Structures are given as C-alpha cells and as structure tokens.
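The next block holds one structure in the form of structure tokens; read it before the comments.
Since we're looking at a predicted model, the values are computed, not measured. Residue numbers begin at 1 in each chain, while the letters A, B, ... track the order of the sequences.
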Amino acid sequence: MDSDDDIPIKQRNKRVISDDEDDVPLSQITKKVKTEEDESFSPQKPKTKTKKASKPKKEKDGTAEKVKKPKKAKSDENSNKSTTKKDKNSEKVKKEVKKEAKKEDSPTPTQEDDEGYKWWEQQDDLDGEIKWESLEHNGVMFPPEYEPLPSHVKLYYDGKPVKLSKEAEEVAGFFAALIETDHGKNPVFQKNFFNDFLKVIEETNGSDIRIVEFEKCDFTKMYAYFEKLKEEKKNLSKDEKKEMKLEKEKIEEPYKTCLLNGRKEKIGNFRIEPPGLFRGRGAHPKTGKLKRRVYPEDVTLNLSEGIPVPPPPEGHNWGDIKHDNTVTWLAMWRENIADSFKYVRFANNSSIKGLSDFKKFETARQLKNHIDEIREDYTKLLKSDLMQDRQMATATYLIDVFALRAGGEKGDDEADTVGCCSLRYEHITLTPPNKVIFDFLGKDSIRFYQEVEVDKQVFKNLKIFKKAPKQPGDDLFDRINPSLLNKKFQFYMKGLTAKVFRTYNASKTMQDQLDLIKNEGTVAEKVVRFNAANRTVAILCNHQRTVSKTHGNSIQKINDKLKELLWQKIRLKKLILEMEPKLKKIDKKYFEEIEDFSKEDEMVIHEKIIERTIDQINKKFARDNEKLKLEQKPLLTNKDLKERLEKADELKKEFKQELKTGKVQMKKTATVEKLKQQIETIENRYLTTSFQLKDKEDNSEVSLGTSKMNYIDPRLTVVFAKKFDVPIEKLFTKTLREKFTWAIESADENWRF
DNA sequence: GTGTTTACTTAGTATCGGCACT
DNA sequence: AGTGCCGATACTAAGTAAACAC
C-alpha cells in the first residue's frame, strides 16, 4: 500500500485510495501488478516486435488482400476510357499473378498512361523510409503581387483620408474586406490586426497621418470598393469569365503536376498561401495577426538530385534546395503566426497519399485482432493501485468508447482546446452512480457535449482524478500524456496509436450499421440509409458544422410545402364527399382528417396561394413585355395586366366561398376514382418531402463529409455499392472517387473491415 | 522524462460552380 | 436567361505523432 517509488506529484493523491469499498481486491491486483511492474499495461505476449522488416507478405489481410485482382472497372469514369486501357488492365492482372509468387522488377512504367498507374496492384511496397525514387517538379506558384488601390479609395482616419504606403494599404485592405464578417467584429481580431497594421506603418513609414486609435479608422470606403469589384466580376459576360478561367489554367498548368518516379502525379496545394490576416478558429489569441507574404527566399524545394532546379521567379532565389526522399513534400516554408511549417504536397489522388491512406486503414483494421485483449487489460487496470496505470486505463477507455482524441498539450498562444489527456477538472461533471457529463472544446474549438453513463470503475476513477486538492484548471490526467499512451499501445500492435482507435471504431461502427440495412427499396432510399449509417459515425466522432444561415428558412419552406400538400389532400377529400356524401359513413377513417385542418391554417394557405398567383402573373407580365420590347412590338398595357389578374380574383372568391361553406366547388370532369388517385400521389409526395425534411434536420449540424473522407474505410462503401446496386457516384463525389480509386477497384462484395 | 522540430492527417468553412427553379 | 440554393471543392488551420535534443 505504499510504493512511493510511484511518480511523485505535487499532491499525495498518487496512491489510489478506493474511496469506497466494494472495490475489493486492491491488494490482489496490487500483487499482480507488482509482478509485471512497468509492463503492467502491456500484453503478456509481446507478439509485436517479431514481425517487422521481414518483407515476405505474412500479414494476410494486408498485402495479400490488396492485390486482389482488379474488378473490371465499373464506374462510368472508367468505362468511358478507351479500350487500350482495358487491355492494359488485363495485362496487369496477369503480371499480378506472377508477382504474387515473387516480385519481379516492374518494367518501368510506360509513360503516357500515368493516369492508369495502379499502385495497389504493385507489390513493391514503398514500405518504410524511402518515399520516392525520383521527383521532378516546376516549383511553386506565388500569389500575385499587390496592386495598389485607385487613388480615390482610401482609409479614413478621424474623418480624413489617409495616404498609406502600399504595404500598409495592403494590410488595411485585408481588414477592410472583413469588416462585415464575424472576424472583423471580433475585438481580439481587431486588436491583433491593428497592432500589426501599426507595425507595418512604422516599418514603411507608411502613413501621412499619425494613426493611433483603431476606433477612428474608417474602412468603409475600401470595403465598398471591394464589393464593387466583386460585383463587376460577377457581371462579366460568360465569355469573359471563360477567357479568364482559361488564362488562369494556363498559368497554373506547370505547377499542378510533377513527375514522381517518372509518372505524372497531381500536386495538391501548389499555390503558396497568400498574405492576409490569420483567421484562427475559436478564441485564438493570435487571430487577426498579419500573415506575411512568402517570398521564394522563404521556400525550400525538395526534388531529385542531379536534375535542373526550376528557376525561381525573376529577381529572386530559392531559400534552399533539398533532395530528401524520405519525405513526401515538394516545397516548404515557415509561416510567421505560430512559426510552424507549411508544405506543398501531393494531391489526394496521388499514389503516395493513396498508399498511406491504405496503410492507415489496414492498421486500423488490424486492431480488431487486438481490441479484445486491450479492452480486457484496461478493464482490469482500471483498478490498478498505481495511479499512472489507472489513468492510462481510464484514458484508453475514453478514447476507445467515446472516440476522444489523444489531447496533446497546448500553449498559451493557442486556443484553449482539449482532448483526452488534456481534459481538466471543469470539463467533466460527475453524477452518481455513474453519469458523466463531458463539456469541453475540442479540435477547432468544436464543443464536445455528452451526457453518458460510464463503467462503474471509470466513474470512480474520474472521481479520484478530481479529488481535492484538485480544482478547476487542473489536469484530470496528470500522470500521463499522449506519448506515454502511444508507447503502451505499441506493445499491442505495431503502429497502434491513440488516433487509430478513432479510425477503427468509426469503420467498425459503419460496418455494423451497414450490416443492418436490408437490401430493399429504391436507390434513393438506400442512399438515405447509407447516409444514416454515415451519420452514426459522424456523431461518434463529433463531426459538426455550423448550421447554415439559410437553414431555418429552408426548413420553414419545406414545412410550408408539407402543409400545403396536406391542404390539397383534404380539399380533394372534401370534393369526394361532395360527389358521394355517403362515403363518409362507409370509410370513416379515410375522411377523419378533414376535421383536423383548422380554418386559420386554411386561410393562411389560401392567402399564400393567392399571393403566389398574383406574383406569378406580375412576373410573367413583366417578362412578356420585356420580350415585346426587344421585338419592338407594342407593349402590354395596365389593362392587360388587370385582366390577367382577374384570375387571381376569381381564385380569391372561390377560396372565400370554400372557407364559408366548407365545401369545395365541383369540377365537372372529376370522378371519385380520379380523385383518389390524385390523393395517393399527394400522399406519396408528402412522405418523400417529410423524409427529406427529417434528413435535413438530422444533418443540419452534423458533418458527414469528414468521416467519409478520413475515417470510414472506403472499401465498406464500395462493398455497399456493389451489394446493394447503388452506383458509387451516389456515395462518393468525383474527388472522393479519385481519392479512393484503390478501394473501388480492389474490394469485392465479400470484403469485410 | 521533457521540450522542440518536423512531417503528416484531420477539420470546418469560404467560395465556387452547376442545377433546379422561375 | 436569370437567380437562388446547395453540394463540391479549395483552402488552410489545428490536430497527432515520431524523431531528435537535452
């Protein structure tokens, strides 16, 4: 009960005192734990280390699986490619088989079919250190130089126009463009901007008036000018826009691709980030600071040795040239806000990114072979009498069960956000017997709020981690950090880190959800169900989005539409009763709902319809006149308009009558049969619409994209598409299809995560 | 261990562009 | 043909994690 060799921490709460009883066999555990000492948290058999560099494809679900022969590419994407491509496909299949036995050197890729290169069919795993054999590119694209504003557009200070140096003017412009946004209105943003603005003024001797107070700065003229520019741009003719686009493409062309191992591959962010004001997320202390312009001198290029270095922009030099083939970036520079690095990298559909993505999912997939043991272990260790082990076990539980991120430490100059290891006292609320409320800001300052029930022992532990003298501001997990956690994880499985749990649990959840879906209904219905499964995962990972400004509106609109459908239906039913009053008795139920619709509601709808009708007539009138004018024919007169509007008046009368009598005017051609038919159509539309509504509301603050892109093994989606006959285009956008081509072409419908 | 440096993934949002509506 | 909306894409911030320095 006293091994004080345990890490000392400021307080003496290191020993876990079971705050209460039933906790029993601490002593017992103690013994066990003792024997294993520091291995206490690792599996008995360190199976890991063994498998390693041994090249032979031993891991069956890894390499072996991925080589699965290419399915005859189904997506239209591929089908519209020339036949030559197909031939190559089948060729590759053959090659494959041979290779399976033992790799044979790949005959250097035939150039022009770069696009068709299928790394996932190759054996020569670019495993490990070396990321490329050869790398050629044309450098990076810089943002255009700053163009001073026309002389009549100025910043005003204390009511007077200010003459600014072009550097200072640029910075003022950055802010001016944002004055109507949340950033522009954020005091921290304003303050940081203003400080940097003053600095630039000082450095460039940039103002003819002494600028002291932010409040006296008037950016509205600049803002208005930018708005005007936007407007003008929008109003350009189609051809002009096209022209500009073409021009832009031409300039970008050389920077969009590179040669990787002799094959053409796309580059992702080939553009150097332009200067601007740093837009930090959440309460970021540095938000609004000036992000300075990057010059070639700041940029390091990375490419093969012995090839020509792309020429730097006129009058400049590259900062440095590297030939490091253990990294995947093509260019790099240092940014001035957090003094961190920025990289130019390959695009998502590149072989390098694809391979790494594939590996990520394979690692996550392997976790299924270890998860039981891991869970057993941490369940036991929740009761360890070593504080550190308890914390390890508890953290692992949270990461596994609630998909928390690792939670590395953060500085004062960053937004105050947390993950598992950095959770603090105030982030959880405990309510016996085992309820926990998590409430904290996670990555991107997205709120994580969950009321959950946890394992009894976890509850106890959290209580202990909060015990006095701990108080708000103190770390819950004061004996551990992500690095420690990850080191432990390595014992179970090579490559296992905290984030792998998120990937694993996300994909596992998706598979389980998909397994529940029955193969029935229309394609649209299946897609909706797929999205529902997707949503489960997104919720697990806490992927949120801010509800769009127009969301409330569009919900309202759909609701109105629903109401109107309902009204139409009831109206038709009334009509039926007009024709066959005795039906009311015979099919009571069918006509019951007629009573449900209140007069008030009816009136509202009547008004809306009339309004809409008038509106339509007016618009049509205007359009017709427009046309006549063009054709130089006599215009329609107000009298014509009045005539047309009579229709609306008639409608008005009709509705009024209806409202009064509760009866609907009969149409001559109607028959009960026809009406019933119409009612059914309306009912169907009602159903679909309300389905859409629900989907929309469910999705309003959940972001499905992030999990689809990063967490759900794409092969699950491919399997679903194949098994359920849903075109993959309905599930993956074009870019996702490109990113996940490896999955689309390698997973057959029996594939399991 | 702790702290720093580097490199890579994950994340929400601003903006673009195409399509369904008038 | 114009417009408004919405999904897709571009952008870059914000994480994780490994390697290295002390």
Side-chain angles (χ1 to χ4, degrees), chain A residues 7 131 178 181-183 230 233-235 238 241 245 268-274 276 278-282 284 286-287 291 300 302 324 326-329 332 334-335 337-343 345-348 352-353 356-357 359-360 405-411 414-415 417-422 441-446 479-487 489-490 495-500 502-503 506 538 541-546 548-551 553-554 557 612 615-616 619-620 622-623 626-627 630 696 699 701 703-707 709-711 732-736 738-739:
Chain A
I7 309 133
K131 300 291 176 42
L178 299 175
T181 68
D182 289 348
H183 282 124
K230 253 192 237 167
K233 201 169 150 197
K234 214 171 70 186
N235 290 335
K238 241 187 180 152
K241 279 183 189 162
K245 199 177 162 191
N269 54 332
F270 51 89
R271 227 187 299 267
I272 294 283
E273 291 175 20
F278 173 67
R279 286 135 116 130
R281 315 241 170 99
H284 199 300
K286 294 194 173 183
T287 196
K291 201 169 91 163
T300 301
N302 190 33
D324 185 352
T326 67
V327 296
T328 64
W329 51 268
M332 179 220 92
R334 224 179 174 114
E335 146 272 0
I337 301 294
D339 198 33
S340 66
F341 294 112
K342 299 276 192 170
Y343 300 92
R345 313 168 166 286
F346 289 95
N348 279 339
I352 280 203
K353 284 280 191 95
S356 125
D357 222 24
K359 283 180 178 166
K360 173 185 80 184
R405 296 187 183 82
E409 214 187 328
K410 297 193 70 187
E414 300 174 277
T417 62
V418 300
C420 183
C421 292
S422 46
L441 298 184
K443 183 178 177 181
D444 292 301
S445 294
I446 294 296
R479 304 285 172 98
I480 63 170
N481 57 45
S483 167
L484 226 46
L485 262 182
N486 287 337
K487 272 185 195 126
F489 290 150
Q490 297 297 314
L496 183 59
T497 62
K499 82 189 195 69
V500 177
R502 270 168 79 82
T503 315
C541 295
N542 199 41
H543 290 146
Q544 302 185 18
R545 58 175 184 174
T546 53
S548 77
K549 268 181 210 138
T550 55
H551 176 72
N553 259 343
S554 49
K557 253 185 207 162
R612 197 167 60 206
D615 213 48
Q616 278 169 2
K619 273 195 185 144
K620 173 102 168 51
R623 235 179 312 143
E626 196 87 351
K627 208 168 163 185
L630 264 178
K696 197 171 192 114
N699 272 342
E701 43 192 19
S703 161
L704 302 189
T706 309
S707 49
M709 169 109 138
N710 299 304
Y711 287 102
F732 281 151
T733 64
K734 180 161 159 288
T735 37
L736 276 187
E738 283 171 8
K739 173 179 159 100

*asked:* What is the distance, to the nearest angstrom, from the CZ atom on A/R271 to the P atom on B/dT15?
replied: 14 Å
*Base, sugar-phosphate, or nothing: which does A/K234 touch, judged by heavy atoms less than 4.0 Å apart?*
nothing
*Would you mind reading off the distance between A/F341 atom CZ and B/dT6 atom P, rounded to a whole angstrom?*
4 Å
*Looking only at non-hydrogen atoms, find the nearest pair between A/R345 and A/N269 and report the distance.*
N-OD1, 3.0 Å
*Can you tell if the side chain of A/T417 reaches within under 4.5 Å of the side chain of A/K443, non-hydrogen atoms only?*
no
_Students often get this wrong, so: under 4.0 angstrom with heavy atoms, is A/Q544 touching a base, only sugar-phosphate, or nothing?_
sugar-phosphate
*Of A/L736 and A/K557, whose closest DNA chain C nucleotide lies nearer the 5' terminus?*
A/K557
_Under the criterion side-chain contact (heavy atoms from CB on, under 4.5 Å), I'd like the reasoning laid out for A/R281 against A/I446: C-alpha separation, chi angles, the key distance, then a yes or no._
CA-CA 9 Å; A/R281 315 241 170 99; A/I446 294 296; over 6 Å; no
*According to a strict under-4.0 Å criterion, is A/T328 in side-chain N/O contact with OP1 or OP2 of B/dA7?*
no
_Students often get this wrong, so: under 4.0 angstrom with heavy atoms, is A/F278 touching a base, only sugar-phosphate, or nothing?_
sugar-phosphate
*Could you tell me whether A/N481 contacts a base, only the sugar-phosphate backbone, or nothing, with contacts defined as non-hydrogen atoms closer than 4.0 Å?*
sugar-phosphate
*Starting at the 5' end of DNA chain B, which residue's closest nucleotide do you reach first, A/K360 or A/Y343?*
A/Y343
*Residue whose nearest DNA chain C nucleotide is more 5′ - A/T417 or A/F270*: A/F270
*Under 4.0 Å between a side-chain N/O of A/K241 and OP1 or OP2 of B/dG17, yes or no?*
no
_Nearest-neighbour nucleotide for the A/R405 side chain, C/dT16, C/dC6, C/dA18 considered_ = C/dT16
*asked:* Here's a test of your reading of the structure: between A/D324 and A/T503, which maps to the more 5' nucleotide of DNA chain B?
replied: A/D324
*Can you tell me how far C1' of C/dT12 sits from NZ of A/K286, to the nearest Å?*
16 Å
*Where does the angle between the aromatic ring planes of A/F278 and A/H284 fall among parallel (under 30°), tilted (30 to 60°) and perpendicular (over 60°)?*
perpendicular
_Side-chain donor/acceptor of A/Q490 to backbone N/O of A/G495, under 3.5 Å_ = yes
*asked:* Would you say that more than 12 heavy atoms from the other residues, nucleotides or ligands in this model lie under 6.0 Å from the NZ of A/K241, or not?
replied: yes
*Should A/H284 be listed as having a side-chain N or O under 4.0 Å from OP1 or OP2 of C/dA14?*
yes
_A/N348 CG - C/dT12 P separation (whole Å)_ = 16 Å
_Interatomic distance, A/N710 CG vs C/dA13 P [rounded to whole Å]_ = 18 Å
*Do any side-chain nitrogens or oxygens of A/T735 fall under 4.0 Å of OP1 or OP2 in C/dT9?*
yes
*Short side-chain N/O contact from A/R502 to OP1 or OP2 of B/dA11, under 4.0 Å*: yes
*For A/R345, answer base if it contacts any base atom (sugar-phosphate contacts may also be present), sugar-phosphate if it contacts only those atoms, and nothing otherwise; contact means non-hydrogen atoms under 4.0 Å.*
base
*Looking at every strand, decide which applies to A/S340 at a 4.0 Å heavy-atom threshold: base, sugar-phosphate, or nothing.*
nothing
_Please report the distance, rounded to the nearest Å, between CZ in A/R279 and P in C/dA14._
12 Å
_Counting only side-chain heavy atoms from C-beta out, which of C/dA18, B/dG3, B/dT6 sits nearest to A/R334?_
B/dT6
*Whole-Å distance between C/dC11 C1' and A/K342 NZ?*
9 Å
*Under 4.0 angstrom, heavy atoms only, what part of the nucleic acid is A/G280 near: base, sugar-phosphate, or nothing?*
sugar-phosphate
_Any base atoms under 4.0 Å from A/K443, or only sugar-phosphate, or nothing? Heavy atoms, all strands._
base
_Let's see if you can work this out: which of C/dG15, C/dA18, B/dG1 has an atom nearest to the side-chain heavy atoms of A/L484?_
B/dG1
*Scan A/T287 against the nucleic acid and name what it touches under 4.0 Å (heavy atoms): base, sugar-phosphate only, or nothing.*
nothing
*Is A/N269 near enough to C/dC11 that one of its side-chain N or O atoms lies under 4.0 angstrom from OP1 or OP2?*
no
_Out of C/dT9, C/dA17, B/dT13, whichever nucleotide has its closest atom nearest the side chain of A/T546_ = B/dT13
*When you measure from the side chain of A/W329, which nucleotide among C/dT9, C/dT12, B/dA7 comes out closest?*
B/dA7
*asked:* Taking any heavy-atom pair under 4.0 Å as a contact, classify A/K353: base, sugar-phosphate, or nothing.
replied: sugar-phosphate
_Base, sugar-phosphate or nothing for A/G705? Non-hydrogen atoms, less than 4.0 Å._
nothing
*asked:* Check the phosphate of B/dT9 against A/K499, side-chain N and O only, distance under 4.0 Å to OP1 or OP2. Yes or no?
replied: no
*Heavy atoms under 4.0 Å, any strand shown: does A/I446 hit a base, just sugar-phosphate, or nothing?*
sugar-phosphate
*Closest non-hydrogen atom pair, A/P482 against A/A406*: CB-CB, 3.9 Å
*Select one nucleotide: of C/dC6, C/dA14, B/dA7, the one nearest the side-chain heavy atoms of A/K696.*
C/dC6
*Atom CG of A/N542 to atom C1' of C/dG15: distance rounded to whole Å?*
14 Å
*Which one, C/dT9, C/dT12, B/dA11, comes nearest to the side chain of A/T733?*
C/dT9
_Heavy-atom pair of closest approach, residues A/Q544 and A/S703_ = O-CB, 3.8 Å
*Hey, does A/R545 reach any base, or is it just sugar-phosphate, or nothing, if we go heavy atoms under 4.0 Å?*
sugar-phosphate
*Tell me what A/A415 touches on the nucleic acid: a base, only sugar-phosphate, or nothing, going by heavy atoms under 4.0 Å.*
nothing
*Under-4.0 Å side-chain N/O to phosphate OP1/OP2 contact, A/Y711 with B/dA11*: yes
